[in-house]
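For reference, the structure is listed below as structure tokens.
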Amino acid sequence: MSIEYPKNISEKVNQYSDFHFLVREKLLDLCENNWEIYNRPSLNGLNPDFVLLHSEYGLLIVSIHSDQDDFSEICKEIQMIADEIMTEYLGVRKKTLITNLIISDVYNDEEIKKEASLFCDTSKLEFRTFFKGINSDLSDILSNSGKLNFDEKILDSLRPWLRPNDFKVEFLEPFDLDRKQKDIVKNTTDSGYRKVRGPSGSGKTLVIGAKAHHLIHNLKKSKVLVITLYRTGRSLTMNAYRRALISDPNFRRSSQKGFEFDSIDEEITNWPVFIHFHGLVSRLKKLISRDENTIPLGKKLHEEFENGSLKMPESFQFDAVLIDEGQNFSSEEVNLCRFFLKKGGELLFVCDGTQDLQYTKEKWGSEGELKGSKMPGRWNELSESYRLPFDYIPHIKRYLDLFATNQDETCVPENDYPQDGEECILTWINCSENKAVDLCLDNILTHLPKANDEFSYPDLAFLSTTKQRGFEVVTKLLDKRIKLIDTFPFSTLKFKTIKSENPITGKETITKKFIEDDNLRRKKRTDLWSVTKDVVKASSLDSFQGFEASHVVFLIESKSKYEPKNQYFNRIYTGLTRLRMGMNNKSSMTVICNEPLFYDYGRTWPIYIEA
């Protein structure tokens, strides 16, 4: 029996073209036992239409051509894909192992070969046509290659690049809310203010998305604002809103009034306004003619609205304001957000104090409230963690017992039952600082694909507590021609070299210090950042907050002497809780640590390595 990826593809009719399904049915009919069929596999961002894999018959790469496609590009791409598979992923150069096939519904048999000869060497390509509904025979392509006897180890090195992207699969999956979540989404308080807190994986951002959907489509509110502190959070809340739309069987597109500074796709007129806080305030200051440098973002500006010396422009007033990852906001910033609210409007504040990356001892009160934020009412608690693996939660709780210094704002994750077939591989590696980068690289390229059944590279997130060392790992991955997106504010071209003497060997060493680029930082965290891209993700902790991945490699660097210990512990907790159970119920967390504070804790993990 053949194996097909993604599974249950027949239920995903909106993700593929009719022609894709036509070709797929033909391939399924002809494939005998032990064929693996991958539909639109990631393949390090190359995304061919099909890859067929068999340990005896080799590989078949299929590109389909319809009247919307540039035929010359298809011819060039399929040969490029074949070359890259052989040299980069299989490490062999026997071209006979691969058959390249282009199927067209535009050209007939003679035309397709003639057209292809203008762009490529047709001796390396097979052609078939579904021209005017005539189905070509593909049986010879699947059977005449002979016995090639692929080494299974070679195939294992390719499969992680072919398997589906969890982020993309989940993006198109509807979700159901539990009783507490539904109450938050559908109801409001007398004051209009509601505070919600919950641990990682409890669905806080999904509640934000569902609340925005309810306000716009059920309550017919015309202006809804969703605010995050970090730029990357914008795409996270947008995805939550999209999933809320998909989850509503009664959804019909309606319209929402536009907002003058928002740049959301013009074709979708019923979305909220999604923006990060600093961008919102910066634009507000320009509108009220305030010098960008005279008033710190969010600080003291709210006082001018409170005492009446400033009035909020009408275009900046909303029916509802929804704040995600609120633990990172200061009380001054939260108070300013209150003035974006119309009279009688609704404000939803969602947070997890345990993940506060801007922690100060004076920030949180004895009841876990954000001091000075003027947010009335008690907390609504979300305790059930739907995303953290069941076997991982005891290790998270142990971390909180050891390192959480203020239990009042601590949100402890709970998960009563494991998923069927759940598998979570937890590895902790204590090491010296000079070994950290190489260990990260070795685990990403070698260990993870071998240790994790059904591992997929697009599901991998590399996280680092420091930007410099994190980007050093990124450059090593790029040297290995691994395609990725990252949030580090650096370019491989902008750096200065630092010479130093090794205290043990006495030899001179040269290291690179990358130079921050603010424009590149903005671009990476907005325009270029999307977890649904079929590539590896790499990020600092602040920019990955709210996101989770089914496979995480987390580099913990030593605490800076200037960083408060509580803030450092919160940052480590945030990194540790970026793990989620995969769509196939498999996951892994690998920690590479050179901070002695955590050495003993790491020794309690199921797999512990001293490097």
Side-chain angles (χ1 to χ4, degrees), residues 170 173-228 233 236-251 270-272 274 318-327 329 334 337-338 341-342 344-355 367-370 373-388 393 408-417 546 548 580:
E170 184 191 49
E173 288 285 327
F175 63 83
D176 294 317
L177 300 173
D178 64 24
R179 180 184 58 81
K180 289 183 179 180
Q181 292 168 335
K182 286 179 181 177
D183 175 67
I184 295 167
V185 168
K186 295 184 177 181
N187 300 312
T188 187
T189 61
D190 292 339
S191 67
Y193 291 84
R194 176 168 264 184
K195 301 182 295 185
V196 177
R197 64 182 177 185
S200 174
S202 58
K204 300 184 295 296
T205 302
L206 289 182
V207 167
I208 290 277
K211 183 73 172 182
H213 170 66
H214 177 69
L215 289 163
I216 292 171
H217 296 280
N218 297 333
L219 302 186
K220 308 303 178 185
K221 299 297 183 181
S222 61
K223 290 178 68 176
V224 174
L225 176 65
V226 180
I227 309 176
T228 58
L236 183 68
T237 50
M238 287 175 70
N239 282 349
Y241 182 70
R242 292 187 185 106
R243 289 191 67 194
L245 296 179
I246 294 169
S247 302
D248 182 0
N250 301 315
F251 168 66
N270 59 345
W271 281 22
F274 297 93
F318 291 83
D319 299 301
V321 175
L322 314 180
I323 302 174
D324 195 23
E325 302 294 347
Q327 69 275 359
F329 286 70
V334 173
C337 289
R338 292 167 45 236
L341 200 61
K342 290 181 179 179
E346 184 173 357
L347 189 147
L348 176 63
F349 178 84
V350 174
C351 82
D352 174 5
T354 325
Q355 296 186 56
E367 298 287 327
E369 77 275 8
L370 182 62
S373 63
K374 301 182 180 179
M375 290 277 291
R378 302 181 66 179
W379 285 104
N380 291 257
E381 306 279 354
L382 298 175
S383 58
E384 186 77 11
S385 178
Y386 296 97
R387 300 169 73 87
L388 280 173
I393 287 181
D408 292 314
E409 77 264 10
T410 296
C411 295
V412 181
E414 301 290 345
N415 187 344
D416 294 332
Y417 305 102
E548 293 114 359
R580 51 156 292 177

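All values derive from a computational prediction rather than experimental measurement.
- At a threshold of 4.5 Å between non-hydrogen side-chain atoms, the residues Leu236 and Thr228 do not count as touching.
- Two residues are said to be in side-chain contact when any heavy atoms from C-beta on lie closer than 4.5 Å; Leu225 and Pro272 fail this criterion.
- Contact check for Val185 versus Val207: side-chain heavy atoms found under the 4.5 Å cut-off.
- Side-chain atoms of His217 and Asp248 include no donor-acceptor pair closer than 3.5 Å.
- Looking at heavy atoms from C-beta onward, Leu382 lies in side-chain contact with Gln181 at the 4.5 angstrom threshold.
- Considering every non-hydrogen atom in both Thr237 and Phe274, the closest pair reads OG1-CD2, 3.3 Å.
- At least one donor-acceptor pair closer than 3.5 Å links the side chain of Ser247 to the backbone N or O of Phe175.
- By the 4.0 Å N-to-carboxylate-O rule, Asp319 lies close enough to Lys342 to be salt-bridged with it.
- You'll find the side chain of Cys351 stays beyond 4.5 Å of the side chain of Glu325, heavy atoms only.
- For the salt bridge (charged side-chain N to carboxylate O under 4.0 Å, His left out) test, residues two or more places apart in sequence or in another chain that qualify with Glu346 are Lys211.
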Decide yes or no on side-chain contact (heavy atoms from CB on, under 4.5 Å) for Val196 and Leu348, but give the supporting numbers first.
CA-CA 8 Å; Val196 177; Leu348 176 63; 3.7 Å; yes
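- Contact check for Pro199 versus Thr354: no side-chain heavy atoms found under the 4.5 Å cut-off.
- Contact between Lys204 and Gly198 at its shortest, heavy atoms only, is NZ-O, 3.1 Å.
- A side-chain donor-acceptor contact under 3.5 Å links Thr205 and Asp324.
- Note that NZ of Lys186 is 7.5 Å distant from NE2 of His214, once rounded to the nearest 0.5 Å.
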Please step through side-chain contact (heavy atoms from CB on, under 4.5 Å) for the pair Leu347 and Phe318, ending with a clear verdict.
CA-CA 10 Å; Leu347 189 147; Phe318 291 83; over 6 Å; no
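- For the residue pair Ile227 and Cys337, the shortest heavy atom distance occurs at CD1-SG, 3.7 Å.
- A heavy-atom distance below 4.5 Å is found between the side chains of Asp178 and Tyr386.
- In this structure, Lys195 fails the cation-pi test against Phe349, since its NZ or CZ atom is not both closer than 6.0 Å to the six-membered ring centre and inside 45 degrees of the ring normal.
- Annotation for Asp176: atom CG does not count as buried by contact number, only 12 or fewer foreign heavy atoms lying within 6.0 Å.
- Side chain of Lys221 to main chain of Gly345: no donor-acceptor pair is present (N/O by atom type, distance under 3.5 Å, no hydrogens or angles).
- Heavy-atom minimum distance, Lys180 versus Ser383: NZ-OG, 4.3 Å.
- When all heavy atoms of Ala244 and Gly209 are compared, the pair lying nearest together is CB-O, 3.6 Å.
- Distance check, rounded to the nearest 0.5 Å: CG of Leu388 to CD1 of Ile393 gives 5.5 Å.
- Under the rule for a salt bridge (charged side-chain N to carboxylate O under 4.0 Å, His left out), the partners of Arg387 that lie at least two apart in sequence or sit in another chain are Glu170, Glu548.
- Residues Tyr241 and Leu206 are not in side-chain contact: their nearest non-hydrogen atoms beyond the backbone lie 4.5 Å or more apart.
- Between Asp352 and Gln327, the shortest heavy-atom distance links the atoms N-OE1, 2.9 Å.
- A salt bridge links Arg194 and Asp183; the closest N-O separation between the charged side-chain nitrogens and carboxylate oxygens is under 4.0 Å.
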